[in-house]
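Everything below concerns the one structure shown next.
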Number of protein chains: 2
Amino acid sequence: MAKFSKDSTCYACNLKHNLFRFLTDDELKYINKSRYEVHYKKGENIFKQGDAFTHIACLTYGMAKVYLEGENDKNVILRLLRPVELIGSPGFQVDSRHHFSVVTIQDSRACFIDANVFEQVLKSNSPFNLEFIKYINSATIRLFNKLTGLTGKHMHGRIADALLYLSDQVYKKSSFTTNLSRQDIADMTALTKESCIRILKEFKDEGIIEYGSNSFNLLDKEKLEMISRVS
Amino acid sequence: MAKFSKDSTCYACNLKHNLFRFLTDDELKYINKSRYEVHYKKGENIFKQGDAFTHIACLTYGMAKVYLEGENDKNVILRLLRPVELIGSPGFQVDSRHHFSVVTIQDSRACFIDANVFEQVLKSNSPFNLEFIKYINSATIRLFNKLTGLTGKHMHGRIADALLYLSDQVYKKSSFTTNLSRQDIADMTALTKESCIRILKEFKDEGIIEYGSNSFNLLDKEKLEMISRVS
DNA sequence: ATATTATATTGACAAATATCAATTTATTTT
DNA sequence: AAAATAAATTGATATTTGTCAATATAATAT
């Protein structure tokens, strides 16, 4: 289970996210008053789809997966979060519910800001507000790409995209160690884990990548990009 | 080609969209100054993906499809617009580009509001701003459902969803005439038109629906909802 | 270290879906 | 109305992807 830090105050995070650079000292103080931090073990829920949305979170340490829980147990991983990354919810101003789940894939920490406090600051600070809209809209653009990728590409292209995403956006190395399971990679690509494993094997046999049980090395990124393009 | 109305002023639309109820008279006047209307024939682009985003649009008459243009000619129709419906762009505050295309499926009219003017009003009116965030977030929630639907359901479920969407959200009747082609319905469901046609035929053979070349009658909605659920 | 459990892998096969070509039907133009 | 064009339909077939069961490997608990 998650445990609160001693006094529920966030030491590690100093509202470092880009978004907060638009706040005045007073606003930062106001937000800080309600702010607290939670420590998570690997595999714990930061947010749970369907649950009440009361706080904006900010991942300050570790890593987490953001995913949609479909009806028939099928999850779709939208993206991975690294520090320092904000986690809002489209339920904000709509139904105050979470519409995705966020689960840590390693020991992590997150900072929480009361959604009402956040709303107050949004109201009083229009540059901050526009920046928040920018944040939301960027997420929408990513979602568009996810949608066209998952509906328009075949298995090879989707696995290539997932590997490139991990390498370029998440781990920022062509060779990386990860806590993601094969099922997780399957959930990133909307495939079954068996299909996922088969494509990975193909890529390995063709010398495009090499991997162990929890590490990947992208030997030929250009090839992966080509595969992503032709599907 | 689209043609401007005589003096480029919008008569039909009086900023009727829900969103605008939060504006003061002065703000409405300010927006109205830059506002103009365009008439479209069926099949014309209101917005084109990739093009510069300079204006928010509001569909005041007719109907339009909003779709993502994928790489290999594969389009995904996100939704259909009816009057009076706002059409923003996730490029707002991000890259000032359109990330989807909007094309009329019948003769239509749209009202345009300068994005800079819109931004000014957003800045000065925080209830309006929060309402706009609500608007964006609602769109995100719809997108989540689209994503889980298209990746998690089989052909039958997806066609059922499209038919129910048309009936419940767009035409608001269980029997309706539409300008959507079979290709359009295929684009709503991320299927090929041939597969789409086959499922429609199956549904017809089972007495769940009946249809002509441009009309549908949903005889058994409960069955469709059941099909949507089990796949 | 050993037993236990979870995860990953493989193969054979079935199901879902797309492709391609041919034909029919509808729509538009002359 | 006839001709021309576009859209819808159908069938045969290939491709893609999932399912299920068996085995192997890794991770965790005793």
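In what follows, chains carry the letters A, B, and so on, assigned in the order in which the sequence lines appear, proteins first and then strands, with residues in each chain numbered from 1.
Counting any heavy atom pair closer than 4.0 Å across all strands shown, B/S181 reaches sugar-phosphate atoms only and no base atom. At the heavy-atom level, A/A190 lies under 4.0 Å from the strands shown only through sugar-phosphate atoms.
Mapping A/N214 and A/H154 onto DNA chain D by nearest heavy atom places A/H154 closer to the 5' end of the strand. Heavy-atom nearest nucleotides on DNA chain D were determined for A/K153 and for B/K204, and the one closer to the 5' end corresponds to B/K204.
Of the candidates D/dG18, D/dG11, D/dT19, D/dG18 carries the atom nearest the A/M155 side chain, counting heavy atoms from C-beta on. The side chain of A/I197 lies closest to C/dA8 when the candidates are D/dT17, C/dA8, D/dT9.
One atom, CG of B/L191, and another, C1' of D/dT9, lie 16 Å apart when rounded to the nearest Å. Between the CZ atom of B/R182 and the P atom of C/dT25 there is a distance of 14 Å, given to the nearest Å. Taking atom CD1 on A/I185 and atom C1' on C/dA8, their separation rounds to 11 Å, with Å as the unit. As rounded to whole Å, 17 Å separates atom P of D/dA27 from atom CD of A/Q183. To the nearest angstrom, P of D/dA7 lies 17 Å from CG of B/L200. Here C/dT7 presents its C1' atom at 11 Å from NZ of A/K42, a figure rounded to the nearest Å. Distance NE2 (B/H156) to C1' (C/dT17): 11 Å, rounded to an integer number of Å. Taking atom CG on A/N179 and atom C1' on C/dA6, their separation rounds to 15 Å, with Å as the unit.
Here the side chain of A/S101 pairs no donor or acceptor atom with the backbone of A/Y67 at under 3.5 angstrom. B/R158 places a side-chain N or O within donor-acceptor distance of the main-chain N or O of B/K153, the cut-off being under 3.5 Å.
Of the charged side-chain nitrogens involved, at least one lies within less than 4.0 Å of a carboxylate oxygen, so that A/D168 and A/K221 count as a salt-bridged pair.
For A/H99 and B/F144, the distance between ring centers is not under 6.0 angstrom.
By the neighbour-count criterion of 12 heavy atoms within 6.0 Å, atom CG of B/D205 is densely surrounded, having more than that number from other residues, nucleotides or ligands.
Here A/S213 reaches the OP1 or OP2 of D/dA27: one of its side-chain N or O atoms lies under 4.0 Å away. Look at B/T192 and you won't find any side-chain N or O under 4.0 angstrom from OP1 or OP2 of C/dT17.
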